[in-house]
Amino acid sequence: MTDNNSPEPRPGFFRRVWNGFWSTSGVVTVGFTLIAGFLAGIIFWGGFHWSMEMTNTEEFCTGCHTMETNLGEYRETIHYNNRSGVRAICSDCHVPKEWNHKVKAKIMAVKDVYHEVMGTIDTPEKYEDHRLSMAAQTWRKMKKSDSRECRNCHKFDYMDFPVQEARAADAHQRAIDDDMTCIDCHQGIAHQLPEGYQEKYKSVVEDLAADTGNQDGKTVSFAALRAFLGGDDATDVTER
Amino acid sequence: MLEFLGTVGGAVLGLPGVLGLALGMMTRNPIFGGVFGAVVAVIQAFIFAKFDFGNIAVFDLVIAIGVGVLAGVVGSAIRVKGTVA
């Protein structure tokens, strides 16, 4: 029953919820609270993790209209169809496995939703206009992380060079010797390469080297890179 | 900007945010709470760098420490607010 003669006005809804949240409980025990909290934690964390994994599926990634071009190109590559029947889907190459990097990538991927809504690349012409800059973003990310996502499956240590084609074995050995990373050579492995990609990739590497001051001491040998790609410009961009 | 927001989000949902908050809730002193959060951030960076300080990204570490300190202080505030004695 409400006391209409109460001198204090009844607090608002949010104030009552806030006060109730911080009031001591005279109903349940500490043990009950702990067990209930533990179970609720499992349920909420499980739900969160499940949702996160759902966004890693190919259906989710290609659910947007703007990803159709990407999907078509990827379906023509060895990462989609191959003799061994192993498939790398979008998230295998574009989403890190480690938790901290994965959450960061997921938050940054919100930009894809924005561009889908804004129609930034909703026509083939617009897509082609943005192809180089989109590719450059991914190259930068992969170069910066030493092609971390490639290395989830491909590692130099696991390669049996005598079984590889002579050209591939030679290229991989030189990549080890020159401290190169996967994306230095395999830029168009899953999507078509835009025109002028070599120059763009070179500028990506130069920008990264300038940003980091090349502190890691790694040498980016464009002589080797150009040789792999069939170019004739043999210029070392950064040297130790 | 996107890089910054992503790094902050990763730290909030990672050890600095979650464990920092939990450790902060173990003390009423917000300074201790903040220190706990910062220590967690440094340890996390060290672990993810595969125990090599050379692999630690300074930008990520600074963000993680900031988030850890905030989480620890908030944890302490929750402890103060949430106990009656």
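First the proteins, then the strands, lettered A, B, ... as listed; each starts at 1.
For CZ of B:Phe32, the number of neighbouring non-hydrogen atoms (other residues, nucleotides, ligands) closer than 6.0 Å is 12 at most. The neighbour count for A:Phe161 CZ, taken as heavy atoms of other residues, nucleotides or ligands under 6.0 Å away, is above 12. More than 12 heavy atoms of other residues, nucleotides or ligands sit less than 6.0 Å from atom CD1 of A:Ile176. More than 12 non-hydrogen atoms from other residues, nucleotides or ligands lie less than 6.0 angstrom from NZ of A:Lys155. Counting non-hydrogen atoms of other residues, nucleotides and ligands closer than 6.0 Å to CE of A:Met118 gives a total of 12 or fewer.
Going from atom CH2 of A:Trp99 over to atom CD of B:Gln44 covers 11.5 Å, rounded to the nearest 0.5 Å. Summarising the geometry, atom CG belonging to B:Asp60 is positioned 7.0 Å from atom NE2 belonging to A:His101; distances are rounded to the nearest 0.5 Å.
Here B:Leu13 is the residue among B:Leu5, B:Leu13, B:Asn55 with the most heavy-atom pairs under 4.5 Å with chain A.
Only the side chain of A:Phe48 comes within less than 4.5 Å of a heavy atom of chain B; its backbone N, CA, C and O stay farther away. Interface remark: A:Lys141 contributes no atoms to any contact with chain B (heavy atom separation under 4.5 Å). For chain A, the nearby parts of B:Ile78 are the backbone and the side chain; heavy atoms of each come within less than 4.5 Å.
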